[in-house]
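The structure appears right after this line, and notes come after that.
All of these numbers come straight from a predicted model, not from anything done at the bench.
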Amino acid sequence: MQIQQSQVLIATPDGRMPAVLLTPDRPDRKAAILLLMEAFGVTSHIRDVAARIANEGYLVLVPDLYYRELPHNKIGYAEVDRAMAMMWRLDFGKPMENDIRAALTYIKSHPEVNPDRIGVTGFCLGGGLSFFTAVKLSNEIAAAASFYGMVADEWIDAVPDITVPVYLFFGGRDPFIGSNRIQQIEARFQELDKDYSLKVYPEAGHGFFCQERSDYNRVAAEDAWRELTRFFQQHLQFARISIDCSFSHKLN
C-alpha cells in the first residue's frame, strides 16, 4: 500500500497547529485515526506508529499539541524533566478541547474520510488525552484507545459522558500509574456498565510500546498492537461492512 505523507496546518482559536497527515492509497472512503503525541512531542516513534496505522488502511492525523511552544518544542527521550515541564504548561481545559476538536474537524472534512468512522489513540500524554477526548468529544468519534495515559480525577468523574467503546492499556510496573489508580479507573467503568476493555501487562513499565525507550517491552508491545488493530477493525470497519450488507440485502 502506498502512503502519502504531508504537513498540514489546522486552524485553532489560538493559531495554526501543525500536523502530520498520512493518507493510504485506497479508493474507498476511509476510517481515520487521530493519533495523539507523547509528552516528548511528535517523535520519530510517534511518526512510526502513524505509518503502521496508515498501513492498516486508515487515514492518520498527528497534531503537534506543543505548537504554542514553537520552534523550541522538540524533546529527546533523555530530557524527561523538560518534557514534563512542557506537558504541564498545556491547558487541559477548554484550550485542549478546542485543539482536539479542531483536529477532528479537519479529519472529518477530508474528502476521503467517512466522518462516522473516526478513532483516537495516543501514548503517554496522548494516552491521557485519548481518555480526555472520549470524555469531552464522544459525539465526534467512534472509539478510543489509550496507552499508559495518566487520567485526571475530573476525567474519571466524567466517565458517564463517555458513549463510545474504550480500550485502556497499562504497564504493571509503571511508576507514574499505580495499580490502585488502574483499579479505580476500571471500577468506574464497571459501575457505569460502560463498553470498555482494560489490559495490564504485569512486567511492562511506562512507555512499553516504544522501541526507543529503555522500558520497551517487546512481548507487551506486540500483543498491544494486535489488540489495538483488532479493536479498531471491530469498531471502525465492521460498521461499514454491516451497513453495506444491509443495503445489499434490501436491494435483493
Side-chain angles (χ1 to χ4, degrees), residues 7-21 32-43 45-47 49-50 60-77 79-109 118-141 144-164 166 168 170 174-177 181 184-185 188 206-207 210:
Q7 298 286 331
V8 299
L9 292 172
I10 299 171
T12 80
D14 292 334
R16 296 195 299 174
M17 177 170 62
V20 180
L21 178 68
I33 304 292
L34 177 64
L35 175 58
L36 300 174
M37 65 189 209
E38 301 171 292
F40 299 91
V42 182
T43 61
H45 164 64
I46 291 298
R47 289 173 179 269
V49 173
V60 184
L61 184 71
V62 190
D64 186 346
L65 299 171
Y66 286 158
Y67 69 96
R68 296 174 182 85
E69 305 266 1
L70 283 168
H72 307 294
N73 65 348
K74 303 298 182 285
I75 308 169
Y77 284 120
E79 302 176 276
V80 176
D81 290 343
R82 182 170 167 239
M84 295 294 284
M86 191 172 292
M87 179 180 73
W88 291 121
R89 286 199 294 273
L90 291 170
D91 187 327
F92 294 98
K94 200 65 177 178
M96 181 58 68
E97 183 178 344
N98 288 340
D99 288 350
I100 294 175
R101 187 186 298 276
L104 289 170
T105 298
Y106 183 92
I107 293 173
K108 288 172 179 282
S109 68
I118 309 297
V120 59
T121 191
F123 299 79
C124 182
L125 164 63
L129 291 177
S130 297
F131 195 107
F132 174 91
T133 304
V135 165
K136 299 290 187 179
L137 298 164
S138 267
N139 61 330
E140 299 288 341
I141 61 174
S146 167
F147 281 80
Y148 35 87
M150 290 185 285
V151 179
D153 290 340
E154 56 265 34
W155 304 347
I156 298 176
D157 292 340
V159 166
D161 296 334
I162 296 177
T163 60
V164 296
V166 173
L168 306 168
F170 295 103
D174 190 328
F176 303 108
I177 309 167
R181 189 61 159 180
Q184 180 187 11
I185 293 169
R188 186 68 167 149
H206 191 80
C210 179

Should L168 and F147 count as side-chain neighbours, where that means a heavy-atom distance under 4.5 Å?
no

Please examine the side chains of L61 and I10, heavy atoms only from C-beta on, and report whether any two atoms are closer than 4.5 Å.
yes

I'd like to check V42 versus Y66 (side-chain heavy atoms, cut-off strictly below 4.5 Å). Are they in contact?
no

For T12, what residues pass the side-chain hydrogen bond (donor to acceptor under 3.5 Å, both in side chains) criterion, not counting sequence neighbours?
Y67

Side chains of L70 and P18, heavy atoms from C-beta outward: is any pair under 4.5 Å?
yes

Sequence neighbours excluded and cut-off under 3.5 Å, please list the side-chain donor-acceptor pairs for residues 83-98, or say none.
residue, atom, partner, partner atom, Å
R89, NE, E69, OE2, 2.8
R89, NH2, E69, OE1, 3.4
R89, NH2, E69, OE2, 3.4
D91, OD1, G93, N, 2.9
E97, OE2, R101, NH2, 3.0
N98, ND2, K94, O, 3.4

State whether R68 and D99 are salt-bridged, where the test is any N-O pair (Lys NZ or Arg NE/NH1/NH2 against Asp/Glu carboxylate O) under 4.0 Å.
yes

Donor-acceptor check, side chain of S109 to backbone of Y106, threshold 3.5 angstrom: yes or no?
yes

Could you go through residues 152-162 and list every donor-acceptor pair under 3.5 Å that involves a side-chain atom there, pairing it with any protein atom two or more places apart or in another chain?
residue, atom, partner, partner atom, Å
D153, OD1, R181, NH1, 2.8
D153, OD1, R181, NH2, 2.7

Sequence neighbours left out, what passes side-chain hydrogen bond (donor to acceptor under 3.5 Å, both in side chains) with R47? Give chain and number order.
none

Return the set of residues passing side-chain contact (heavy atoms from CB on, under 4.5 Å) with F176 (not counting sequence neighbours), or none when no residue passes.
M150, D174, H206

Check residues 118-132 and write down every donor-acceptor pair under 3.5 Å in which the side-chain atom is one partner and the other belongs to a residue at least two apart or another chain.
residue, atom, partner, partner atom, Å
T121, OG1, A145, O, 2.8
S130, OG, G122, N, 3.1
S130, OG, G126, O, 2.8

Side chain to side chain, I46 and V62, heavy atoms closer than 4.5 Å
yes

